[in-house]
Number of protein chains: 2
Amino acid sequence: MSSPCAQHQHVHRLIQQPLTELTEKLRRGARKVTAPRQAILDVLRKHASPLTNKEIHAALGKEDCDLATIYRNMHTLELLGLVRRYDFGDGAARFELSAEEGSSHHHHLVCTRCRLIVEVDECFPEEFQSAIASRHGFTQVQHRLEFTGWCPKCQSR
Amino acid sequence: MSSPCAQHQHVHRLIQQPLTELTEKLRRGARKVTAPRQAILDVLRKHASPLTNKEIHAALGKEDCDLATIYRNMHTLELLGLVRRYDFGDGAARFELSAEEGSSHHHHLVCTRCRLIVEVDECFPEEFQSAIASRHGFTQVQHRLEFTGWCPKCQSR
DNA sequence: TTGTTATCTGCAAATCAATTGCAATTGTAA
DNA sequence: TTACAATTGCAATTGATTTGCAGATAACAA
């Protein structure tokens with residue numbers, strides 16, 4: 001789990017880019033710290049709501065990269081636990097930095113008319129989840145909780 | 001909204017097919033009771049887990065209809081509240097009869113390795129949901145709660 | 001620095017779920 | 001039985017996501 005040769009790696013990193021938890025995780029997973037990956041994570045850091053791959057692509061400025069590269073990287077970043085994937089039911093996956101990377105664990109309230117997304121802190125009780133998991137013999141259980149409705153502006157429609 | 005001429009309609013229905021809540025709702029929504037719709041609902045009645053459109057299509061026997069017809073009908077049936085749509089994150093929507101149509105309100109625990117689906121009765125507390133809705137000024141708020149993990153058989157993988 | 005190598009990237013083509021246009025068919029109400 | 005809107009089959013299309021492949025590039029050791 002920890003770096004095998006911290007001193008040597010540290011020197012190396014200082015030369016190339018600032019040491020962050022991000023690069024730490026990438027390297028631990030034998031992944032390269034590439035320009036597209038840093039650019040994608042930068043975009044996510046600057047946005048409060050989860051973004052689609054297309055939105056991420058549009059938000060990349062001079063650090064532009066191929067859309068396919070973004071798709072591939074979102075899988076990688078999700079696998080390494082750097083981003084969290086959401087599906088709000090409109091056909092496009094959305095991503096935001098995972099809890100360990102800035103934002104805290106939370107869920108979303110989505111307006112089904114205008115797609116406004118609001119963060120919600122309420123969460124499904126952990127003890128209930130454990131009970132469900134053990135009752136069915138499941139491990140590695142996580143949950144996904146999403147709220148949908150009409151936001152104030154869309155109610156008169 | 002209510003039947004304009006209940007007596008006449010009743011006779012009519014008895015001749016064509018048994019009066020059910022299904023046909024009742026279809027007619028209330030000015031929808032026709034067609035063979036594909038009855039066949040789709042029959043398939044859903046016979047299955048415990050939510051099915052994809054493709055699975056429904058495959059399960060239709062002699063009552064086969066075009067896949068596009070199924071897609072169109074799932075929208076209609078969802079709109080009328082006859083079926084409930086789920087998204088377990090593997091790219092294909094799934095459907096099951098809604099609470100009023102046999103099954104009770106519940107959520108799912110899905111194995112991310114073999115796609116085993118188990119029903120879960122635990123639910124997000126109603127009072128919390130109301131609080132969230134009013135705090136953000138939303139109305140028509142519903143929630144989607146899904147659990148994912150590894151089922152007993154897939155844990156050794 | 002330099003070389004080696006596995007990982008990445010861009011580009012184009014391919015998938016796959018879901019949607020849509022249109023002409024023919026069918027359920028409903030009168 | 002008639003009239004008409006709703007529905008269907010079929011083919012073509014859309015839009016998100018994936019994949020094959022050849023040419024870069026980051027990581028690491030010499």
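Letters A, B, ... are given to chains in the order of the sequence lines, protein chains preceding strands, and every chain is numbered from 1.
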Who passes salt bridge (Lys or Arg N to Asp or Glu O under 4.0 Å) against B:E63, sequence neighbours left out? none

What's the CD1-C1' distance between A:I70 and C:dC11, to the nearest Å? 14 Å

Can you list everything that forms a side-chain hydrogen bond (donor to acceptor under 3.5 Å, both in side chains) with B:H143? Sequence neighbours excluded, please. B:H107, B:Q129

Are any of A:T34's side-chain N or O atoms less than 4.0 Å away from OP1 or OP2 of C:dT9? yes

Starting from the first five and the last five pairs of the helix from C:dT1-D:dA30 to C:dA30-D:dT1, work out the angle between the resulting helix axes, to 10 degrees. 40°

All pairs passing salt bridge (Lys or Arg N to Asp or Glu O under 4.0 Å) where residues 64-75 of chain A contributes a residue, at least two apart: none

Residues touching DNA chain D, which here means a heavy atom under 4.0 Å, drawn from residues 55-64 of chain A: none

Enumerate the protein-to-nucleotides 3-6 of chain D contacts in which both atoms are nitrogen or oxygen and the separation is below 3.5 Å.
unit_1 : atom_1 : unit_2 : atom_2 : d
D:dA6  : N3     : B:K32  : NZ     : 2.9

Using links of under 4.5 Å between side-chain heavy atoms of ILVMFWY residues, direct or through other members, which residues join B:V141 in one cluster? A:L109, A:L116, A:V118, A:V120, A:F124, A:F128, A:I132, A:F138, A:V141, A:L145, A:F147, B:L109, B:L116, B:V118, B:V120, B:F124, B:F128, B:I132, B:F138, B:L145, B:F147

Using the side-chain hydrogen bond (donor to acceptor under 3.5 Å, both in side chains) criterion, which residues pair with B:R135? Sequence neighbours excluded. A:E122

Under the rule for side-chain hydrogen bond (donor to acceptor under 3.5 Å, both in side chains), what residues qualify as partners of A:Q140, not counting sequence neighbours? none

Can you build the contact string for nucleotides 18-25 of chain C? Use B for base contact, S for sugar-phosphate-only contact, and - for no protein heavy atom under 4.0 Å. BBBB----

In terms of heavy-atom contacts, B:G89 and A:R144 come closest through CA-NH1, 4.2 Å

With sequence neighbours excluded, tell me which residues meet side-chain hydrogen bond (donor to acceptor under 3.5 Å, both in side chains) with B:D90. B:R94

So which residues get pulled into A:L79's cluster when ILVMFWY side chains under 4.5 Å apart are joined, directly or through others? none

Please answer: with hydrophobic residues joined when any side-chain heavy atoms are less than 4.5 Å apart, are B:V43 and B:I70 in the same cluster? yes

